[in-house]
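Please read all numbers here as calculations on a predicted model, not as lab measurements. Both backbone and side-chain heavy atoms feed into the values below; hydrogens, waters and symmetry mates do not.
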Amino acid sequence: MSLTDADRVLIDEASAAIARRYRNDWQEVGAALLTRTGRRYVAVNLDAYLGRMAVCAEAVALGQVITELGDAGIDTIVAVRHPKPHEADREIRVVSPCGACRELIWDYDRQARVLVPGPEGVVAVTISELLPNKYSRERVL
């Protein structure tokens, strides 16, 4: 899927959020989420000394949606990563969601579009493309 103007806005908003709130080894990822109702939510990750207590930026954004709107659905979501101070490439770039975030996105909207890096630049894919053969508690005969 090709990128829309709305997709580019999400990338810009996620990038601006992490550029503003970046703290090395604390806040390194920003996310932006467009709901099916047309509202946008922007967040950064929450890191912790105990790594398993960290919360991804996508989950923080989704938590805002659920808190404010309830189940509004995910039209599109994107995550971006700020480079560390020692990295030569200083550009904030779109990153693919981690496995846990893929599961979370799928659980809240099986039709969600996700912006990810592709061979020619950023592309839009469905969450089902990123998470094929998803585990389900539903019994399928």
Side-chain angles (χ1 to χ4, degrees), residues 1-140:
M1 291 182 238
S2 60
L3 295 187
T4 65
D5 290 340
D7 294 338
R8 288 180 187 83
V9 168
L10 286 177
I11 294 168
D12 291 345
E13 289 180 338
S15 297
I18 197 56
R20 190 172 51 252
R21 298 291 177 229
Y22 174 77
R23 289 193 311 158
N24 187 35
D25 288 335
W26 283 97
Q27 279 73 46
E28 297 177 349
V29 176
L33 184 157
L34 176 66
T35 69
R36 295 203 178 278
T37 62
R39 300 239 345 241
R40 288 192 306 267
Y41 290 82
V42 180
V44 298
N45 71 298
L46 303 175
D47 215 335
Y49 282 114
L50 294 175
R52 66 184 178 151
M53 295 189 57
V55 182
C56 295
E58 300 96 319
V60 175
L62 182 57
Q64 291 178 51
V65 172
I66 298 303
T67 300
E68 290 186 25
L69 302 177
D71 189 12
I74 302 167
D75 180 89
T76 307
I77 190 166
V78 65
V80 299
R81 179 185 171 273
H82 192 290
K84 292 185 173 284
H86 68 275
E87 294 176 344
D89 182 357
R90 301 300 306 151
E91 191 171 336
I92 294 172
R93 298 194 184 273
V94 171
V95 293
S96 192
C98 73
C101 285
R102 292 175 189 209
E103 295 275 346
L104 190 64
I105 294 164
W106 193 91
D107 286 346
Y108 280 88
D109 195 321
R110 296 175 183 187
Q111 305 306 315
R113 291 173 71 246
V114 184
L115 305 182
V116 297
E120 305 287 324
V122 178
V123 296
V125 298
T126 64
I127 189 60
S128 295
E129 291 174 87
L130 292 179
L131 199 60
N133 200 21
K134 162 88 166 80
Y135 169 80
S136 175
R137 289 184 222 151
E138 299 169 7
R139 185 174 177 193
V140 179

task = Check Pro132 against Glu129 and note the closest heavy-atom contact, atom names and distance.
result = CD-O, 3.8 Å

request  = With the side chain counted from C-beta on, respond yes when Pro117 and Val122 share a heavy-atom pair under 4.5 Å apart, and no when they do not.
outcome  = no

query = With side chains defined as the heavy atoms from C-beta onward, is the minimum distance between Leu34 and Ile77 less than 4.5 Å?
reply = no

key: Side chains of Ser15 and Arg93, donor plus acceptor under 3.5 Å   = no

request  = Enter the distance from Cys101:SG to Leu130:CG here, rounded to the nearest 0.5 Å.
outcome  = 11.5 Å

inquiry  = Run the side chain to side chain contact (heavy atoms under 4.5 Å, CB included) test on Arg40 and Val9 for me, step by step, so that the C-alpha distance in whole Å, both residues' side-chain angles and the decisive distance to 0.1 Å come before the verdict.
reply    = CA-CA 10 Å; Arg40 288 192 306 267; Val9 168; 3.8 Å; yes

inquiry  = Quick check: closest heavy atoms across Ala14 and Ala31, and the distance to 0.1 Å?
reply    = CB-C, 3.8 Å

key: Point-to-point distance, once rounded to the nearest 0.5 Å, from CZ of Arg113 to CD1 of Ile74   = 12.5 Å

Under 3.5 Å, sequence neighbours excluded: what are the donor-acceptor pairs made by side chains of residues 54-69?
from, atom 1, to, atom 2, distance (Å)
Gln64, NE2, Val42, O, 3.2
Thr67, OG1, Gly63, O, 2.7
Glu68, OE1, Arg39, NH2, 3.1
Glu68, OE1, Tyr41, OH, 3.1

inquiry  = Rounded at 0.5 Å granularity, tell me how far NE2 in His82 sits from CG in Asn45.
reply    = 12.0 Å

request  = With sequence neighbours left out, write down each residue that passes salt bridge (charged side-chain N to carboxylate O under 4.0 Å, His left out) with Asp12, or none if nothing qualifies.
outcome  = none

inquiry  = Is it the case that the side chain of Asp107 and the backbone of Leu104 share a donor-acceptor pair, with hydrogens and angles ignored and the cut-off at 3.5 Å?
reply    = no

ask   = Just by distance, do the side chain of Arg102 and the backbone of Leu131 share a donor-acceptor pair under 3.5 Å?
value = no

task = Mark yes when over 12 heavy atoms from residues, nucleotides or ligands other than Asp89 sit less than 6.0 Å from its CG; otherwise mark no.
result = yes

message = Can you see whether Ser128 engages Thr126 through a side-chain donor-acceptor pair at a distance of less than 3.5 angstrom?
response = no

task = Find out whether Thr76 and Leu10 are in side-chain contact, i.e. whether some heavy atom of one side chain is under 4.5 Å from a heavy atom of the other.
result = yes

request  = Verify, without hydrogens or angle tests, whether Asp109 (side chain) and Gly73 (backbone) share a donor-acceptor contact under 3.5 angstrom.
outcome  = no

ask   = With side chains defined as the heavy atoms from C-beta onward, is the minimum distance between Ile18 and Ile92 less than 4.5 Å?
value = yes

ask   = Just by modelled atom types, is the Arg36 backbone N or O under 3.5 Å from a matching donor or acceptor in the Asp75 side chain?
value = no

query = Any donor and acceptor pair, going by atom type alone, linking the side chain of Arg21 with main-chain N or O of Gln27 inside 3.5 Å?
reply = no

ask   = What's the shortest heavy-atom distance between Asp7 and Thr4, and which atoms?
value = OD2-N, 2.9 Å

key: Qualifying residue for side chain to side chain contact (heavy atoms under 4.5 Å, CB included) with Leu115, from Val123, Leu3, Val125, Val95   = Leu3

request  = Check the pair Lys84 / Glu28 against salt bridge (charged side-chain N to carboxylate O under 4.0 Å, His left out), numbers first and verdict last.
outcome  = CA-CA 8 Å; Lys84 292 185 173 284; Glu28 297 177 349; 2.7 Å; yes

query = Relative to the ring of Tyr49, is the ring of Trp26 parallel (under 30°), tilted (30 to 60°) or perpendicular (over 60°)?
reply = perpendicular

remark   = Rounded to the nearest 0.5 angstrom, the CD-CH2 distance for Gln111 and Trp106 is 9.5 Å

request  = Report yes if some heavy atom in the side chain of Asp47 is under 4.5 Å from a heavy atom in the side chain of Asp25; otherwise report no.
outcome  = no

